[in-house]
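The next block holds one structure in the form of structure tokens; read it before the comments.
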2 protein chains.
Amino acid sequence: MSTIGFAPHDHASCVADTMQRAESHCADQGLRLTPVRRRALEILLAEHRAQGAYDLLAVLAAEGMGAQPPVAYRALDFLVKAGFAHKIEALNAYIACAHLGECQMPAFLICRACRSVAEADTAPTRNRLNDAARAAGFAIERTVVEAEGLCPSCQDAAA
Amino acid sequence: MSTIGFAPHDHASCVADTMQRAESHCADQGLRLTPVRRRALEILLAEHRAQGAYDLLAVLAAEGMGAQPPVAYRALDFLVKAGFAHKIEALNAYIACAHLGECQMPAFLICRACRSVAEADTAPTRNRLNDAARAAGFAIERTVVEAEGLCPSCQDAAA
DNA sequence: ATATCGAATGTTATAACATATCAATACGCC
DNA sequence: GGCGTATTGATATGTTATAACATTCGATAT
């Protein structure tokens, strides 16, 4: 279980790798990584933090790529459906997926102070919930697991 | 692990019991269950479904208990802080707690069609996420576990 | 080359969710 | 009664998200 996000790392290659994988995933699946979608993914990838749809929109607008909310929401929809990004429900914000595509049931550690997010992959977490669902005859389609708190550096800042 | 919510039950006594327990919990803790707060809890309890703040507000307003958003949000804040209600992040909506107060780490099964919600108590789910958090030096304050899908009756309706 | 069809984008408007702020009132306590 | 805090009332505004419809772009088939 990796929790990229709070630790320093080679971010330039982290971004480049992911864009590369996104490209080939789209080629494989017949998806179209259009300029707006591509740029949206780059913007999300630029930081390991949750960004609001309107934050994204502000950047796109500044670059002349559409100035209305639907532009941002459509790009985000595409990225989420393709598995390139996740919505952080607790913040109503979005983040690039750290495991591009290969991500079954993501779980997030979310700093409420700086909005940085680490992504873990916690498939086993599912069991108890699956048991409950089966017992109730409920068909799970998507699971949200989010832990809110303080990341190491915001804990230090608070001290 | 009980998953009240999808199955029929004696709802009148389910509501009455909960109100009773809320009363005594407030008495114990020195909390004030004012008319607006009491009524808000009743409204949430009336259905085992998530209700939006503005749905709640509409009912309160119809009964002459305040017509502005802050009225609803303040009541909801109180109920959530007291442990009488939960926010369903995936819906931006609210639901009465099924285990009044005694609820450590709630987990929800949420029907995307009818918004009915079952609450399970899945403390063990926590472990994997706790491990990841400890490893990353992250301090968890709150955990959200929500499964979206279709409840038994909406599955039947779709078939 | 061009007609056609579906996907993607542009644009306007509005819906839905949430909070800041400040004034007025109610409540518990001395 | 007088005081301080918690609660409510009211106005305004901020933030997140979608509906609806027109237009453009790209691939395909003729």
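Source: prediction; values computed, not measured. Excluded from the calculations below are hydrogen atoms, water molecules and symmetry mates; all remaining heavy atoms, backbone and side chain alike, are included. Residue numbers begin at 1 in each chain, while the letters A, B, ... track the order of the sequences.
Side-chain nitrogen and oxygen atoms of B:Tyr94 include at least one within less than 4.0 Å of the OP1 or OP2 phosphate oxygen of C:dA18. Dashed line: the shortest gap from a side-chain N or O of B:Asn92 to OP1 or OP2 of C:dA18 is under 4.0 Å.
Between the side chain of B:Tyr54 and the base of C:dA18 there is at least one donor-acceptor pair of N/O atoms closer than 3.5 Å.
Heavy-atom distances to DNA chain C give each of B:Pro70 and B:Tyr73 a nearest nucleotide, and the one nearer the 5′ end belongs to B:Tyr73. DNA chain D is contacted by both A:Gly52 and B:Thr34; B:Thr34 maps to the nucleotide lying nearer its 5′ end (nearest heavy atom per residue).
A salt bridge between A:Asp77 and A:Arg74 is absent, with no side-chain N of the basic residue lying under 4.0 Å from a carboxylate O of the acidic one. Electrostatic pairing of B:Glu148 and B:Arg112 does not count as a salt bridge here, judged by no charged N lying under 4.0 Å from a carboxylate O. Under 4.0 Å is where a charged nitrogen must lie from a carboxylate oxygen, and between A:Lys87 and A:Glu146 no such pair does.
One interatomic measurement links the two molecules: CG of B:Asp55 to P of C:dC17, which rounds to 7 Å at whole-angstrom precision. Rounded to whole Å, the distance from CG on A:Leu91 to C1' on C:dC17 is 15 Å. Put simply, CZ on A:Arg115 is 11 Å from C1' on D:dT15, counting in whole angstrom units. Across the protein-nucleic acid pair, B:Leu57 atom CG and D:dA10 atom P stand 13 Å apart, rounded to whole Å. Taking atom CE of B:Met65 as the reference point, atom P of D:dT8 lies 9 Å away to the nearest angstrom. Look at CZ on A:Phe78: it is 12 Å from C1' on C:dA7, rounded to the nearest Å. Rounded to an integer number of Å, the gap from CD of A:Glu89 to P of C:dC17 is 13 Å. Taking atom NZ of residue A:Lys87 and atom P of nucleotide D:dT18, one finds them 7 Å apart after rounding to whole Å.
Considering only side-chain atoms of B:Arg74, the nucleotide from C:dA7, C:dC17, D:dA10 that sits closest is D:dA10. Of the candidate nucleotides D:dA17, C:dT21, C:dT9, C:dT9 has the atom lying nearest to any side-chain atom of A:Arg37. Considering only side-chain atoms of A:Pro69, the nucleotide from C:dA13, D:dT7, D:dA10 that sits closest is C:dA13. You'll find that the side chain of A:Arg32 is closest to C:dA7, out of C:dA7, C:dT12, D:dA17. For A:Val36, counting side-chain heavy atoms from C-beta on, the closest listed nucleotide (D:dG9, C:dA18, C:dT9) is C:dT9. Side chain of A:Val71, nearest nucleotide from C:dC17, C:dA8, C:dG10: C:dG10. Closest contact between the side chain of A:Gln68 and the listed nucleotides D:dA17, C:dT9, C:dT12 involves C:dT12.
In the displayed structure, A:Gln20 atom CD is contacted under 6.0 Å by at most 12 heavy atoms of other residues, nucleotides or ligands.
For B:Ala113 against B:Leu150, the heavy-atom pair with the smallest separation is CB-CD2, 3.9 Å.
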